[in-house]
Each structure stands twice: as structure tokens, then as C-alpha cells.
Amino acid sequence: MAKPLAANQPTAVPAFRRLVRRVRARWDAPVAGYLFISPWLIGFFILTLWPMIQSLYFSFTDYSLLEKPNWIGLDNFRDLFRDRFFYNSLKVTFLYVLTSVPLRLAAALFIAMLLAKNIRGMSFYRTLVYLPSLIGGSLAVAVLWRNIFGVDGFVNAVAGWFGIAPKNWIGLPETALGTLVLLSVWQFGSAMIIFLAGLKQIPKELYEASSVDGANKFRQFFHVTLPMLSPVMLFNLVMGVIGSFQMFTSAFIITEGGPINSTEVYALYLYDKAFANLEMGYASALAWILLVIVALATTINFVASKYWVFYETEGGGGR
């Protein structure tokens with residue numbers, strides 16, 4: 001019985017070596033690619049994936065940062081859905097998203113169409129218009145915005161020229177959230193740049209053909225510009241919704257969630273629970289609820305896009 005095994009052994013070794021060579025040849029190129037992106041991979045696993053795993057674990061615990069986590073199962077989620085401040089933060093956040101995102105997209109598209117014209121010095125104007133988006137997320141701009149809408153701020157000074165009494169725009173529940181929405185609309189630069197790139201890709205022949213058919217500028221906008229820009233609009237819409245759900249800096253610096261919790265957006269409420277009340281387990285549960293909400297909103301946008309997004313390669317018709 002030993003001789004047949006010995007006879008087969010020389011053929012088994014070359015077969016194994018051929019297999020090793022095939023596997024090595026198959027992975028030579030991918031390994032090089034992984035080496036090039038290894039800095040990003042290391043950052044992703046250490047700074048994103050691992051904290052997410054920890055957050056998921058903490059969401060099932062009672063954890064205060066000062067003591068060891070105590071496993072409590074689904075209690076955080078049960079308490080969360082009985083928390084009236086949780087529902088208030090959801091209401092404020094959805095109101096902010098539903099107002100700021102459409103207004104920002106409309107402003108970005110309007111300015112992009114103006115900047116798409118070929119006139120002298122347009123590069124300078126584009127840079128000037130994009131500048132607010134470069135500094136819009138900074139603390140200095142938030143402080144400046146708070147002063148602009150203060151009682152002695154610029155807005156009331158201009159209103160005084162027309163005999164309008166000064167108003168504490170940030171201190172009133174009915175106007176405080178509006179100031180944050182205006183700040184978001186003012187930061188339209190990123191969406192504007194993407195719209196501008198999309199406008200440059202629309203063939204001029206489409207406008208020429210539509211004008212021959214008797215279409216005016218108004219009809220060209222709705223029947224040529226918007227359909228051709230619909231994939232770009234979808235991208236800006238998805239990114240705008242995701243960013244708006246995570247809005248924090250403006251509410252934290254300008255209004256601090258007030259007055260009467262009228263601007264306590266979801267991210268600010270999460271921050272208060274985590275670092276003001278040291279309820280890290282509860283805050284982790286809030287974070288995962290936010291992840292689910294953002295994922296659902298993104299899914300809804302993609303599912304609904306088949307009814308209004310035009311892809312030229314698929315024959316149009318919103319498909």
C-alpha cells in the first residue's frame with residue numbers, strides 16, 4: 001500500500017506548485033492595488049468600522065464613559081421611543097431637511113445657470129460664488145451668522161431703514177430654525193459646481209433642435225435642461241439629504257438648540273446625551289436610529305428616481 005502513495009507523490013507536488021503559481025498570478029495585481037489604498041483601508045477599519053462596531057455594542061449597554069458598560073439589551077431603544085425630546089428632535093430635523101434641501105438645490109441650479117454663460121471674468125465670479133461653501137462650515141461663520149441675525153445685527157439694521165421694528169430672529173421659536181435654513185442655502189457652492197459641470201455636458205444641438213421646433217427658453221428649461229440634469233439632481237439630492245440629517249455645528253453655535261428646543265436637531269440631541277449627560281449607550285442607540293433613517297431616506301430617493309431621472313443610455317422615460 002505504501003508504494004502507490006510513493007509513486008503518486010511526485011505528480012502531486014508539481015500540481016500543488018501549479019496551483020500556487022495560479023493563485024499568486026491571480027493576486028499579483030490586486031495586492032499591488034491594495035497596497036496603494038492601504039492608508040485609506042487602515043483609516044477605514046480603525047476610524048470608521050471599529051467605532052461603528054463599538055457603537056453597536058454600546059447601544060445595548062448602560063455606559064457613561066466613567067464606568068464599564070453594563071449590558072441591558074433593548075432597554076435603550078425602548079426608552080428612546082418613549083422620549084418626547086427624541087420625537088421633538090426628529091420633527092425639527094425633518095422640518096429642516098424638507099425646507100433646506102429643496103431651497104439649496106434651487107439656489108444652486110439658478111446660480112449654476114447664470115455662471116454657465118461665457119462672459120469675460122467668469123472664472124473669478126465662479127470662485128467668488130463658491131467661497132461661502134469653503135468657509136461655511138467653520139465656527140467663525142456660525143458666530144458671524146449669529147451676530148447678523150442678532151437684535152443689533154445687520155438684518156435688523158436693514159429692516160430699520162424701512163421702518164420695521166427690530167426682532168430677535170434667533171431668540172424666537174418661529175424664526176430661529178429659519179436662520180439655520182438660510183445659512184444652509186447660503187452654502188450652495190458644492191451643489192452649484194456639480195450642476196455647472198452637468199450643464200456643460202448638455203449638447204447644444206438639443207437646444208438648437210428645440211428652438212427650431214418653436215420652444216422658448218421656459219420650455220427648453222423644463223423639457224431639455226431638467227431632464228438632462230436629472231442624474232446630477234439625484235446625486236445632489238441624496239448628498240444634500242444625508243448632510244442635512246447630520247447638521248450639527250450651526251445649531252450648536254448659533255442657537256444651542258433653543259429657544260424652547262425649536263432648533264434642537266437630531267445630531268445636537270445626540271451630542272447632548274453623549275457628552276453633556278454622559279449617556280453614551282443611549283446616544284449610541286440614537287446614532288443607529290439615525291443611520292436607519294438616513295438609509296431609508298436614501299433608498300426612497302433611489303426608488304423614486306426611476307419615475308423622474310432620465311438616463312440617455314437607457315432610452316429615457318425616467319428609467
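Excluded from the calculations below are hydrogen atoms, water molecules and symmetry mates; all remaining heavy atoms, backbone and side chain alike, are included.
Under the 4.5 Å side-chain criterion, counting only non-hydrogen atoms from C-beta, L109 is in contact with L229. Counting heavy atoms from C-beta outward, N88 and Y269 have side chains that stay 4.5 Å or more apart. Under the 4.5 Å side-chain criterion, counting only non-hydrogen atoms from C-beta, L183 is in contact with I254. Contact check for V232 versus Q201: no side-chain heavy atoms found under the 4.5 Å cut-off. Here the side chains of P203 and M228 are in contact, with some heavy-atom distance below 4.5 Å. When side chains are defined from C-beta on, I53 counts as touching W50, because their heavy atoms get closer than 4.5 Å. Counting heavy atoms from C-beta outward, Q54 and F58 have side chains that approach closer than 4.5 Å.
Of all non-hydrogen atoms in F221 and P227, the two that sit nearest each other are O-CD, 4.4 Å. For the residue pair G171 and P259, the shortest heavy atom distance occurs at O-CG, 3.3 Å. For I253 against R146, the heavy-atom pair with the smallest separation is O-NH1, 3.1 Å. The minimum heavy-atom distance between L196 and A112, with the atom names listed, is CD1-O, 3.5 Å. Minimum heavy-atom separation, L105 to A191: CD2-CB, 4.5 Å. In terms of heavy-atom proximity, K68 sits nearest to Y63 at C-CD1, 4.3 Å.
No chain of hydrophobic side-chain contacts below 4.5 Å, direct or via other Ile, Leu, Val, Met, Phe, Trp or Tyr residues, connects L172 to I260. In this structure, V212 is not a member of the same hydrophobic cluster as I202, with clusters built from ILVMFWY side-chain heavy atoms closer than 4.5 Å. F36 and I42 fall into different hydrophobic clusters, where Ile, Leu, Val, Met, Phe, Trp and Tyr side chains are chained together by heavy-atom contacts under 4.5 Å. Both F195 and W308 are members of a single hydrophobic cluster when ILVMFWY side chains are connected at heavy-atom separations under 4.5 Å. Hydrophobic clustering of Ile, Leu, Val, Met, Phe, Trp and Tyr side chains at less than 4.5 Å, counting indirect connections, unites F248 with V265.
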Compile the donor-acceptor pairs under 3.5 Å between side chains in residues 290-300 and protein atoms, sequence neighbours left out, one pair per line.
unit_1, atom_1, unit_2, atom_2, d
T298, OG1, V294, O, 2.8
T299, OG1, A295, O, 2.8

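The distance from the CG atom of D75 to the OH atom of Y282 is 11.5 Å, given to the nearest 0.5 Å. Here CG of L180 is found 6.0 Å from OG of S250. Values are rounded to the nearest 0.5 Å. Within the model, atoms CE of M247 and OG1 of T93 stand 7.5 Å from one another, a figure rounded to the nearest 0.5 Å. Atom CG in N156 sits 12.0 Å away from atom CD1 in I148 (nearest 0.5 Å). For the atom pair R104 CZ and N236 CG, the distance stands at 9.5 Å (nearest 0.5 Å). Between the CG atom of L47 and the CE atom of M52 there is a distance of 13.0 Å, given to the nearest 0.5 Å.
Checking side-chain atoms of T175 against main-chain N and O of W169 turns up a donor-acceptor pair under 3.5 Å. Within the 3.5 Å criterion, the main-chain N or O of N70 finds no donor-acceptor partner in the side chain of T61. Under the 3.5 Å distance criterion, the side-chain polar atoms of N216 are matched with a main-chain donor or acceptor of F218. With hydrogens and angles ignored, the 3.5 Å screen pairs no side-chain donor or acceptor of N147 with any backbone N or O of G153. At distances below 3.5 Å, not a single donor-acceptor pair connects side-chain atoms of T48 with backbone N or O atoms of F45. The closest donor-acceptor contact from the side chain of N277 to the backbone of E279 lies at 3.5 Å or more, if one exists at all. A donor-acceptor pair is defined here as one N or O able to donate and one able to accept, closer than 3.5 Å; such a pair exists between the side chain of Y266 and the backbone of L286.
Residue K200 qualifies as enclosed at atom NZ: its count of foreign heavy atoms under 6.0 Å is above 12. Annotation for E174: atom CD counts as buried by contact number, over 12 foreign heavy atoms lying within 6.0 Å. Counting heavy atoms of neighbouring residues, nucleotides and ligands inside a 6.0 Å radius, atom CD of E256 does not exceed 12 of them.
Checked by atom type, the side-chain pair T255/T263 shows a donor-acceptor distance below 3.5 Å. Residues W288 and S55 bring a donor and an acceptor atom of their side chains to less than 3.5 Å of each other. For S210 and Q220, the side-chain atoms include at least one donor-acceptor pair closer than 3.5 Å.
Between Y87 and F81, the two ring planes are tilted [angle within 30° to 60°].
Every residue meeting the salt bridge (charged side-chain N to carboxylate O under 4.0 Å, His left out) condition with R82, not counting sequence neighbours, appears here in chain and number order: D79. By the salt bridge (charged side-chain N to carboxylate O under 4.0 Å, His left out) test, R219 pairs with no residue at all, sequence neighbours left out.
Taking the six-membered ring where the residue is Trp, the centroids of Y271 and F252 are separated by under 6.0 Å. The aromatic ring centroids of F77 and F60 lie less than 6.0 Å from each other. Ring pair F154/F149: centre-to-centre distance not below 6.0 Å.
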**Request:** Carefully, step by step, assess T225 and Y207 under the rule side chain to side chain donor-acceptor pair (under 3.5 Å).
**Result:** CA-CA 9 Å; T225 304; Y207 293 105; 2.7 Å; yes
**Request:** Kindly indicate, with the supporting measurements, whether the criterion side-chain contact (heavy atoms from CB on, under 4.5 Å) is fulfilled by V92 and E264.
**Result:** CA-CA 7 Å; V92 173; E264 189 172 35; 5.7 Å; no
**Check against side-chain contact (heavy atoms from CB on, under 4.5 Å), F245 and Y96** = CA-CA 8 Å; F245 269 112; Y96 175 82; over 6 Å; no
**S244 vs V101, side-chain contact (heavy atoms from CB on, under 4.5 Å): CA-CA, chis, key distance, verdict** = CA-CA 7 Å; S244 296; V101 173; 3.3 Å; yes
**Asked** Does the side-chain contact (heavy atoms from CB on, under 4.5 Å) test come out yes or no for L234 and M239, once each step is laid out?
**Response** CA-CA 9 Å; L234 174 63; M239 298 306 295; over 6 Å; no
